[in-house]
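Notes follow the structure.
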Amino acid sequence: MCRRIVLVVALLALLGLGGCATYLDARDNVAKGGRLDQQKASAARDLESAQAQRAALQQRRAEQDAQLARMDQQLQRLQAEQKTQRAQLAQALQTRKISAAKHEQLSKELSSVKAQTEALQMKIGNARLQPGGGAVDGGDELQAVQKRHAELNKLLAQLIAG
């Protein structure tokens, strides 16, 4: 009988200590500098990092939007000038300052530049529609179109003057 009592007392003691350990763990977790504070500090660092990353992405997007707007304005100006070039070319043909063959050659060149301009505008439009802002890599293409456009302007000016 004594053995039974000792066994029951030992069992009750073990069960009581199990609950005590859970309480001690919880107390340690919420104590200053405990696990809960560590998790809060980690979450705060993660939040700061995410906010900094978001700010950097917003800044990059604003810069890309500004660059796209500048490129779009330049392309619109080129398109307006291309209309003037077409009119000058037609005028030169009417006044017989250029031959029909030369008119055809220059007309094809104008069409080629116009196609490049429109393709670049499409590329810019697509970049604006992309959620991340899209990469803006049309700078070299824009310079090439502007160079061809300037060469045509110079040639047309020479033909009209001469």
Side-chain angles (χ1 to χ4, degrees), residues 22 24-162:
T22 302
L24 291 174
D25 286 344
R27 185 188 70 186
D28 290 343
N29 286 342
V30 296
K32 187 169 180 115
R35 190 170 178 198
L36 185 61
D37 283 347
Q38 292 171 0
Q39 288 175 344
K40 284 182 183 178
S42 175
R45 284 190 305 271
D46 291 348
L47 177 62
E48 269 183 42
S49 174
Q51 287 172 335
Q53 185 179 13
R54 181 175 186 233
L57 288 173
Q58 286 176 332
Q59 175 67 28
R60 191 178 89 209
R61 177 63 189 233
E63 290 169 0
Q64 286 178 340
D65 286 345
Q67 183 181 7
L68 289 172
R70 283 190 304 273
M71 289 174 70
D72 195 37
Q73 286 176 341
Q74 290 174 341
L75 288 171
Q76 287 176 3
R77 182 184 52 79
L78 284 176
Q79 285 180 327
E81 290 177 10
Q82 287 169 358
K83 290 178 185 176
T84 303
Q85 286 176 334
R86 283 225 180 265
Q88 289 174 339
L89 189 59
Q91 180 69 27
L93 182 64
Q94 282 180 344
T95 58
R96 299 191 191 279
K97 290 187 177 182
I98 60 171
S99 66
K102 187 70 170 174
H103 176 270
E104 184 68 27
Q105 175 194 1
L106 291 173
S107 191
K108 285 181 182 178
E109 184 67 23
L110 278 172
S111 294
S112 173
V113 171
K114 181 180 179 186
Q116 271 187 307
T117 303
E118 290 171 350
L120 193 51
Q121 265 192 319
M122 291 284 282
K123 195 176 201 177
I124 289 171
N126 288 339
R128 281 188 172 153
L129 294 176
Q130 290 182 6
V136 182
D137 60 351
D140 292 338
E141 290 177 59
L142 179 60
Q143 287 178 351
V145 169
Q146 287 173 328
K147 182 179 177 185
R148 287 183 68 197
H149 178 80
E151 290 169 355
L152 280 172
N153 257 348
K154 187 177 179 181
L155 183 59
L156 285 171
Q158 289 173 352
L159 290 174
I160 292 171

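All residue numbers in this chain count up from 1 along the given sequence.
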Q) What salt bridge (Lys or Arg N to Asp or Glu O under 4.0 Å) pairs are there with at least one residue in residues 72-93, not counting sequence neighbours? A) Asp72-Arg128, Arg77-Glu81

Q) What residues form a side chain to side chain donor-acceptor pair (under 3.5 Å) with Thr84, not counting sequence neighbours? A) none

Q | Value rounded to 0.5 Å, distance of CG in Leu106 from OG in Ser112 | A | 12.5 Å

Q: Please round to the nearest 0.5 Å and tell me the distance separating atom CD of Gln64 and atom CE of Met71.
A: 11.5 Å

Q: Could you note down all residue pairs passing side chain to side chain donor-acceptor pair (under 3.5 Å) where residues 35-46 supplies at least one of them, sequence neighbours left out?
A: none

Q | All side chain to side chain donor-acceptor pair (under 3.5 Å) counterparts of Gln53, not counting sequence neighbours | A | none

Q) Looking at side-chain heavy atoms only, is the closest gap between Leu57 and Arg61 below 4.5 Å? A) no

Q: Please identify each residue that fulfils side chain to side chain contact (heavy atoms under 4.5 Å, CB included) with Thr95, with sequence neighbours left out.
A: Gln91, Lys97

Q) From Leu152 CG over to Gln88 CD, what is the distance, rounded to the nearest 0.5 angstrom? A) 10.5 Å

Q. Can you list the residues that meet the side chain to side chain donor-acceptor pair (under 3.5 Å) rule with Gln58, with sequence neighbours excluded?
A. none

Q. For the salt bridge (charged side-chain N to carboxylate O under 4.0 Å, His left out) test, which of Lys147, Arg148, Lys123 pairs with Glu141?
A. Lys123

Q: Show the numbers, then the answer: is there a side-chain contact (heavy atoms from CB on, under 4.5 Å) between Lys114 and Leu110?
A: CA-CA 6 Å; Lys114 181 180 179 186; Leu110 278 172; over 6 Å; no

Q) Should Gln79 and Gln82 be marked as a side-chain contact (heavy atoms from CB on, under 4.5 Å) after you check the CA-CA gap, both sets of side-chain angles, and the distance that decides it? A) CA-CA 5 Å; Gln79 285 180 327; Gln82 287 169 358; 4.1 Å; yes

(Q) For the CZ atom of Arg54 and the CD atom of Gln51, what is their distance to the nearest 0.5 Å? (A) 8.5 Å

Q: Could you go through the side-chain contact (heavy atoms from CB on, under 4.5 Å) check for Leu89 and Ile98 one step at a time?
A: CA-CA 9 Å; Leu89 189 59; Ile98 60 171; 3.5 Å; yes

Q) Are side-chain heavy atoms of Glu109 and Gln105 found at a separation under 4.5 Å? A) no

Q) Taking atom CD of Gln146 and atom OG1 of Thr117, what is their separation to the nearest 0.5 Å? A) 9.0 Å

Q: Mind running side chain to side chain donor-acceptor pair (under 3.5 Å) on Gln67 and Glu63 for me, showing each step along the way?
A: CA-CA 6 Å; Gln67 183 181 7; Glu63 290 169 0; over 6 Å; no

(Q) With rounding to the nearest 0.5 angstrom, report the CD1 to CG distance, Ile124 to Leu129. (A) 12.0 Å

